[in-house]
2 protein chains.
Amino acid sequence: MNNKQELPWDNPRFRNWVAVARACHSVERALAGALAPLDLKPAQLDVLMNLYRHPGMSQHDLARKLLVGRSNITMLLPQLENRDLLRRESDGKDKRVLRLSLTPSGEALLMDALKVYMGLLDKVMEQSTPAECDLLGEQMRRVAEALKVE
Amino acid sequence: MNNKQELPWDNPRFRNWVAVARACHSVERALAGALAPLDLKPAQLDVLMNLYRHPGMSQHDLARKLLVGRSNITMLLPQLENRDLLRRESDGKDKRVLRLSLTPSGEALLMDALKVYMGLLDKVMEQSTPAECDLLGEQMRRVAEALKVE
DNA sequence: TGTTTATTGTTCATGCTTGAACTATCATGT
DNA sequence: ACATGATAGTTCAAGCATGAACAATAAACA
């Protein structure tokens with residue numbers, strides 16, 4: 001009756017997910033270092049990326065996209081707004097919401113940051129074929145989906 | 001000359017890594033919620049897991065394993081020690097280091113927490129075959145390795 | 001031996017994230 | 001129109017993680 005027989009480390013899901021978490025953590029920290037010269041942090045880059053793809057977003061929608069509290073957005077945006085990287089314009093129809101969009105300099109900084117990010121990912125995923133890479137993304141999208149609605 | 005042609009979102013590595021990061025974030029938050037009844041946080045679970053597998057570790061080694069600063073460990077351990085989940089015993093040969101090990105109740109709590117963790121992973125990775133799962137882990141170990149030595 | 005350098009763990013100030021309470025605005029239903 | 005409830009954003013206190021500076025100890029070497 002050795003309980004090691006049922007240890008999670010013998011389970012593929014567990015063992016491999018631990019690797020996912022570690023890799024994610026490593027990349028996050030490496031990204032933070034690589035973005036430092038741009039005076040940008042990963043969380044701020046996430047904001048810029050989402051505003052680039054979804055201009056006119058509200059803060060609430062942005063918070064949901066980033067899986068983060070609304071108050072976090074409130075604390076995050078003024079820094080970027082003061083650096084003239086994004087605009088917050090109040091919606092004409094609903095005076096509660098603020099519509100977010102990148103300024104040209106915000107877009108320019110985003111492009112620089114994305115080059116940095118891509119450089120890091122190219123180095124880090126060098127050994128994965130495009131097919132493996134797509135399979136990876138597919139699994140991860142399923143994982144995120146499984147946690148979405150609940 | 002549309003710069004969208006070279007946007008990172010068209011690049012498999014970028015697009016799929018974004019999915020990895022999002023999934024990781026989701027699982028982390030779901031795990032935090034699932035562990036709440038045990039009054040345990042993901043970072044604390046990481047500590048218990050590592051001490052279970054590597055009893056007698058020093059705080060420095062633990063910090064490196066967890067990809068975290070030493071001061072973080074210093075702030076993290078007293079909570080767990082006060083709950084009688086782990087012991088810190090000074091090394092006889094080197095009076096600087098503290099040897100860490102789980103107490104029986106620490107091990108018991110770890111087992112409970114692992115059941116919770118496994119339950120979450122089973123739900124979340126339900127759609128991935130063992131082979132896919134292993135490939136996933138293999139890629140992630142390569143990613144972590146690529147960031148290791150530098 | 002004595003001096004210099006490295007390493008372990010701690011302390012502390014800083015910044016980030018969270019969740020709860022709050023205000024202002026809109027939507028619903030009577 | 002009016003009451004009720006829902007939603008967007010803010011404020012605030014609390015908890016975590018970080019990195020720099022520090023004390024104690026060990027290692028390297030003259």
Side-chain angles (χ1 to χ4, degrees), chain A residues 21-22 24-26 28-36 39-48 51 54 56-83 86-101, chain B residues 21-22 24-26 28-36 39-47 50-51 54 56-83 86-101:
Chain A
R22 285 180 62 82
C24 245
H25 194 173
S26 295
E28 181 88 358
R29 287 183 69 78
L31 179 61
L35 288 178
D39 193 19
L40 210 59
K41 292 174 187 175
Q44 299 174 319
L45 175 55
D46 276 342
V47 169
L48 298 185
L51 292 189
H54 308 287
M57 259 183 142
S58 73
Q59 295 190 186
H60 183 252
D61 290 340
L62 181 58
R64 281 168 52 91
K65 270 272 179 195
L66 297 182
L67 306 169
V68 117
R70 283 161 295 164
S71 59
N72 192 6
I73 300 294
T74 299
M75 314 269 285
L76 215 41
L77 292 192
Q79 312 167 3
L80 301 173
E81 196 179 16
N82 291 338
R83 287 170 68 185
L86 57 82
R87 271 184 299 262
R88 291 200 291 176
E89 306 172 292
S90 108
D91 185 306
K93 301 184 175 177
D94 189 336
K95 291 177 191 167
R96 291 171 301 178
V97 327
L98 295 175
R99 296 290 162 196
L100 306 174
S101 55
Chain B
R22 285 181 60 84
C24 244
H25 194 172
S26 295
E28 181 87 357
R29 287 183 69 79
L31 178 62
L35 288 177
D39 193 20
L40 210 59
K41 292 175 187 175
Q44 298 174 319
L45 176 56
D46 275 344
V47 169
N50 273 274
L51 291 191
H54 308 286
M57 259 184 141
S58 71
Q59 295 190 187
H60 181 252
D61 290 341
L62 180 58
R64 281 168 52 90
K65 270 270 180 198
L66 297 183
L67 305 170
V68 116
R70 282 163 297 163
S71 59
N72 191 8
I73 300 295
T74 299
M75 315 267 285
L76 216 40
L77 291 192
Q79 311 167 3
L80 301 172
E81 196 179 17
N82 291 339
R83 288 169 66 184
L86 57 82
R87 272 185 298 263
R88 291 200 290 176
E89 306 172 291
S90 105
D91 185 306
K93 300 185 176 178
D94 189 336
K95 292 178 190 166
R96 292 172 301 179
V97 328
L98 295 174
R99 296 290 160 197
L100 307 174
S101 55

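Numbered from 1 within each chain, the chains take letters A, B, ... in sequence-line order. What's counted below: heavy atoms across the whole structure, side chains too, no hydrogens, waters or symmetry copies.
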Report, one pair per line, the protein and nucleotides 23-25 of chain D atoms (nitrogen or oxygen only) whose separation is under 3.5 Å.
| from | atom 1 | to | atom 2 | distance (Å) |
| --- | --- | --- | --- | --- |
| D/dT25 | O2 | B/R96 | NH1 | 3.4 |

### Message
Rounded at 0.5 Å granularity, tell me how far CG in A/L98 sits from CD in A/E81.
### Response
8.5 Å
### Query
When you match B/D61 and A/G92 each to their closest nucleotide on DNA chain C, which lands nearer the 5' end?
B/D61
Which atom pairs link the protein and nucleotides 19-22 of chain C when you take only N or O atoms and keep those under 3.5 Å?
| from | atom 1 | to | atom 2 | distance (Å) |
| --- | --- | --- | --- | --- |
| C/dG19 | N7 | A/S71 | OG | 3.3 |
| C/dG19 | O6 | A/S71 | OG | 2.8 |

### Query
Rounded to whole angstrom units, what separation is found between the CG atom of B/L66 and the P atom of D/dT18?
10 Å
### Query
Expressed in angstrom and rounded to an integer, what is the separation of A/K65 atom NZ from D/dA8 atom P?
16 Å
### Task
Using only side-chain N and O atoms of B/Q59, determine if any of them is under 4.0 Å from OP1 or OP2 of C/dT10.
yes
### Query
What is the distance, rounded to the nearest whole Å, between atom NE2 of B/H60 and atom C1' of C/dT10?
14 Å
### Query
Rounded to the nearest Å, what distance is computed from the CZ atom of residue B/R64 to the C1' atom of nucleotide C/dG9?
16 Å
### Task
Using a 4.0 Å heavy-atom cut-off across all strands, classify B/I73 as base, sugar-phosphate, or nothing.
nothing
### Task
Specify the separation, in whole Å, of atom CG of A/L77 and atom C1' of D/dT10.
12 Å
### Query
Are any of B/Q79's side-chain N or O atoms less than 4.0 Å away from OP1 or OP2 of D/dG15?
no
### Task
Kindly compute the distance separating CG (B/L100) from CG (B/L77), expressed to the nearest 0.5 Å.
5.5 Å
#### Entry: Qualifying residues under salt bridge (charged side-chain N to carboxylate O under 4.0 Å, His left out), relative to B/R96, sequence neighbours excluded
B/D94
### Query
Can you name the side-chain contact (heavy atoms from CB on, under 4.5 Å) partners of B/Q79, sequence neighbours left out?
B/Q44, B/L76
### Task
Could you check how far CD of A/E89 sits from C1' of D/dA8, rounded to whole Å?
17 Å
### Query
Taking atom P of D/dG15 as reference, at what distance in whole Å does atom CG of B/L76 sit?
14 Å
### Query
Taking only side-chain nitrogens and oxygens of B/R88, does any of them come within less than 4.0 Å of OP1 or OP2 of C/dT10?
yes
### Task
Identify the heavy atoms of B/L40 and B/L80 that sit nearest to each other, and give their distance.
CD1-CD2, 4.5 Å
### Value in whole Å for how far the C1' atom of C/dC16 lies from CE of A/M75
8 Å
### Task
Could I get the full list of salt bridge (charged side-chain N to carboxylate O under 4.0 Å, His left out) partners for B/R87, not counting sequence neighbours?
none
### Message
Please find the pair of heavy atoms, one from A/P42 and one from A/E28, that lie closest to each other, and give the distance.
### Response
CB-OE2, 3.5 Å
### Query
What does A/R99 touch in the nucleic acid at a heavy-atom separation under 4.0 angstrom: a base, only the sugar-phosphate, or nothing?
nothing
## Note on the structure
Regarding the side chain of B/V97, the nearest nucleotide among D/dG9, C/dT8, C/dT10 is C/dT8
#### Entry: Worked verdict on A/E89 versus A/S101 for side-chain contact (heavy atoms from CB on, under 4.5 Å)
CA-CA 8 Å; A/E89 306 172 292; A/S101 55; 4.0 Å; yes
### Message
To the closest 0.5 Å, what do you measure between CE (A/M57) and NE2 (A/H54)?
### Response
5.5 Å
Would you be so kind as to tabulate the donor-acceptor pairs closer than 3.5 Å made by side chains of residues 59-72 of chain B, with sequence neighbours excluded?
| from | atom 1 | to | atom 2 | distance (Å) |
| --- | --- | --- | --- | --- |
| B/Q59 | OE1 | B/R88 | NH1 | 2.8 |
| B/D61 | OD2 | B/S58 | OG | 3.3 |

